[in-house]
Each structure stands twice: as C-alpha cells, then as structure tokens.
Amino acid sequence: MSVAAIYKGACMVWITQRDEAMFDWLRVVRITNTEGVRWMLGRLNGGDRPVTKRAAQMWCARMQEVGYVDRERVSGVGGSMIWGTHEATGQSAPNLFRQTTRHEVAVSIASAHFQAAGYSWEGDREAVNRTDHQADGVALREPIVQLVEVELTPKRGERYAMIFRALQHRYERGEIHRVMYLTTDEVAGYLGRLLEDGTGPSDDTARGGRGAIRRPAALTEQLKRQMRQLLRIEPVFDRRGIWETDVQPAWLNQGGPAPAPAAAAGELEGVRW
DNA sequence: GATCTACGTCATATTCTGGT
DNA sequence: ACCAGAATATGACGTAGATC
C-alpha cells in the first residue's frame, strides 16, 4: 500500500490509499456528514459495515489537522457538514447555506450505502434536453444500471410526469434497468398515491415550497403502470435528510438481474423488482 | 521489542432546542 | 432570558496491527 506521511507540527498523519479513495469520493459527492464518512470508511476498510461514529469523527479530525478535510456544525441540520478541501479535491468549498446542501448530503449518504453494499457509484450524465432528466446518481452492479433519486420534499405532479416520461424513455432505450427513490415517509406516501390512483396528497401536506400540488392530470394510466414497475420507493430519510443506521436494508441486495428492456416490454408485471 | 497510527468504548464537555 | 434534556463532539485510555 502506498502511504504518505504528512507532518503538521509535532503531529504526523498517514495518508493511505484508503484516504485518497475518500478524497475521490468527496470529489464526487462534494459534501457529506459523519454518517456518510462512517459508511465509506467501512467500505474502504474492506467491509460492508460502517465504522463507529467516533472513528469517523477521528478520521475527519486527522484529515482536518493536515488540511485535507474541513467541517462545520450547521444549526438545525444535526451533525457536522464535511467536505474535502481544495488541497484534497481541487474543488472550492461548498456553500453550506444553499437550499440544495441538505439534499447533497443526503445523496452522499445514499452513495456511501450503495458502495458499502458492493455497488459502484457515479454521477448521472447531464440531461440532454429540456424533457430529459438527470438523476442524483447511478449505482452500478453488473449488469444492472440503477438510477438513484433522493427526494426529501415532493415536487409538483406535472414535474413528476415529465421526469417519469424521461425515465421510461431511458429504460426503453436500454440505458437503465431500475430507478430507486430514497425518500422521507411523507414523500413515499405521496409517490405511492401518485402511482396508484394519481390523486396525490391533500393540499396541506403536498407543499414542495412552491404551493400546493394539484392533481397531476399529465400522469396517464400507462405511465403510472410503467412507473410502478420501474421505480422502487424506500423511505429511509428522516425530516432532516439523515439516514442513520448500522444495518444495510435488505432491498440493497434484492431484485436480481433485470430483464432486457425488449423482454420487459411485453411482460411488465413484477419482473423488475 | 519499541514506536507509531488507527480505532474501539466509556466518560465528559459543548452545543442546540424547546418549554416556561 | 433561563433552564433542562437531547444531540453531538471531544478526551482518555486500551488494544491491534504495521514498520523498523
């Protein structure tokens, strides 16, 4: 193993391949928290379990001491935000107070869980046009290509209709096999109703920050049926966007190989998940 | 074997939050 | 503003493993 010793005053910190792999991961996800570090360190240590919270904190403290990691406690979020410094990742520090930051941290936790379960993880390709959709990440485990969406607040029904059409298009082209929605309880309930009868939530619970969500007339029966096959919805995040657990959910190892899109086209019921 | 880092557990300190 | 409890971070210490 290639190991570099970094001296900072009287303190010496070993930078191992594992640490460099952590920096690579931080370059992809940009920002995370202690939970994400726990699972990624566990994965890079060669296991499928997270290290303890203390170990993750110690790793952050060591890397912070030599200037490779920075962190900050943010009021109301819970825990510290953690990111790689410019020296470690070549990227500038993230803005901790953007609305999307909580979402980015949640995506990083999802990424860490998938990788701990043996998937590889990469960012989705950019949307090719206005009707296309870029997911939060892609979890790969040969031969299955799984898009991952982290959904902490519900979108408008019309927006979902557009996204679902884009997902179905990508599925039919053979680009992807499945889509996993990792959500809060609230969003899971909303999406579940949306895919069942298209009614969506009552107006007072269906606020995505842009007013009440109305009935999404654009969601056709065919699209709902297609999405019930293509999507899987798992409510793993709490209201803060934290997914805190020491055990991997069973569904990370469920599903088996997906059928080719051509085969699935005529035989949709119950084959993909 | 000596020395050093990594990581675990337990105890303690600090910070945040919600109620009065 | 103040207080109590919860959440989170930190410190101390022991053990394991790597290196010389």
Side-chain angles (χ1 to χ4, degrees), chain A residues 1-27 29-85 87-89 93-118 150 152-153 182-186 204-205 207 209 235-249:
Chain A
M1 189 192 306
S2 82
V3 175
I6 306 293
Y7 292 90
K8 200 82 171 185
C11 147
M12 181 174 72
V13 174
W14 295 104
I15 304 297
T16 65
Q17 284 182 337
R18 181 200 65 172
D19 301 325
E20 285 166 2
M22 283 295 286
F23 303 150
D24 288 340
W25 175 66
L26 288 171
R27 198 173 293 123
V29 299
R30 301 275 297 163
I31 188 165
T32 188
N33 64 9
T34 311
E35 276 300 299
V37 172
R38 285 183 68 209
W39 282 93
M40 274 309 285
L41 283 178
R43 150 78 171 163
L44 293 170
N45 286 346
D48 58 358
R49 308 271 304 167
V51 301
T52 64
K53 187 170 281 190
R54 184 77 189 100
Q57 290 168 348
M58 291 288 282
W59 182 85
C60 294
R62 285 199 309 280
M63 295 304 139
Q64 187 173 26
E65 192 151 18
V66 292
Y68 285 162
V69 155
D70 218 346
R71 54 184 169 158
E72 192 164 317
R73 285 180 78 164
V74 177
S75 174
V77 177
S80 286
M81 300 276 198
I82 297 158
W83 62 94
T85 62
E87 192 174 353
T89 66
N95 180 347
L96 304 187
F97 303 102
R98 275 214 318 255
Q99 284 202 332
T100 55
T101 299
R102 185 176 68 118
H103 180 261
E104 284 184 69
V105 170
V107 171
S108 79
I109 298 175
S111 162
H113 271 277
F114 271 96
Q115 291 190 72
V150 171
L152 302 177
T153 52
L182 301 177
T183 71
T184 60
D185 283 339
E186 182 194 11
D204 59 334
T205 60
R207 293 178 185 281
V236 295
F237 288 106
D238 67 16
R239 288 176 167 277
R240 302 169 302 168
I242 305 291
W243 175 3
E244 193 167 309
T245 174
D246 280 356
V247 293
Q248 288 283 37

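Every heavy atom of this structure was used, including side-chain atoms; hydrogens, water molecules and symmetry mates were not. Chain naming here is simple, since letters A, B, ... match the order of the sequence lines and numbering starts at 1 in each. It should be emphasised that the depicted structure is a prediction, and the values quoted were computed from it without experimental measurement.
A close approach under 4.0 Å does occur between a side-chain nitrogen or oxygen of A/T52 and OP1 or OP2 of B/dG8. Checking the phosphate oxygens (OP1, OP2) of C/dC13, no side-chain nitrogen or oxygen of A/R54 falls inside 4.0 Å.
If you take CE of A/M22 and P of B/dC7, they are 10 Å apart, rounded to a whole angstrom. In this structure, A/D19 places its CG atom 14 Å from P of B/dT5, rounding to the nearest Å. Rounding to whole angstrom units, CE of residue A/M63 and C1' of B/dA6 are separated by 10 Å. Separating the CD atom of A/Q57 from the C1' atom of C/dG11 is a distance of 12 Å, rounded to the nearest angstrom. Distance A/M40 CE to B/dC7 P: 14 Å, rounded to the nearest Å. As rounded to whole Å, 13 Å separates atom C1' of C/dT8 from atom CZ of A/R38. Distance, A/M58 CE to C/dG11 P: 9 Å, rounded to whole Å. In this structure, the CH2 atom of A/W59 is 18 Å from the C1' atom of C/dT10, given to the nearest Å.
What you find for A/T52 and A/R38 is that their closest heavy atoms are C-NE, 3.7 Å.
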| field | Test side chain to side chain contact (heavy atoms under 4.5 Å, CB included) applied to A/W59 and A/V69, step by step | value | CA-CA 9 Å; A/W59 182 85; A/V69 155; 3.9 Å; yes
| field | Stepwise side chain to side chain contact (heavy atoms under 4.5 Å, CB included) test for A/L41 and A/M58 | value | CA-CA 11 Å; A/L41 283 178; A/M58 291 288 282; over 6 Å; no
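Ring geometry for A/Y68 against A/F23 counts as perpendicular: the plane angle is over 60°, on a 0 to 90° scale with 30° as the lower cut.
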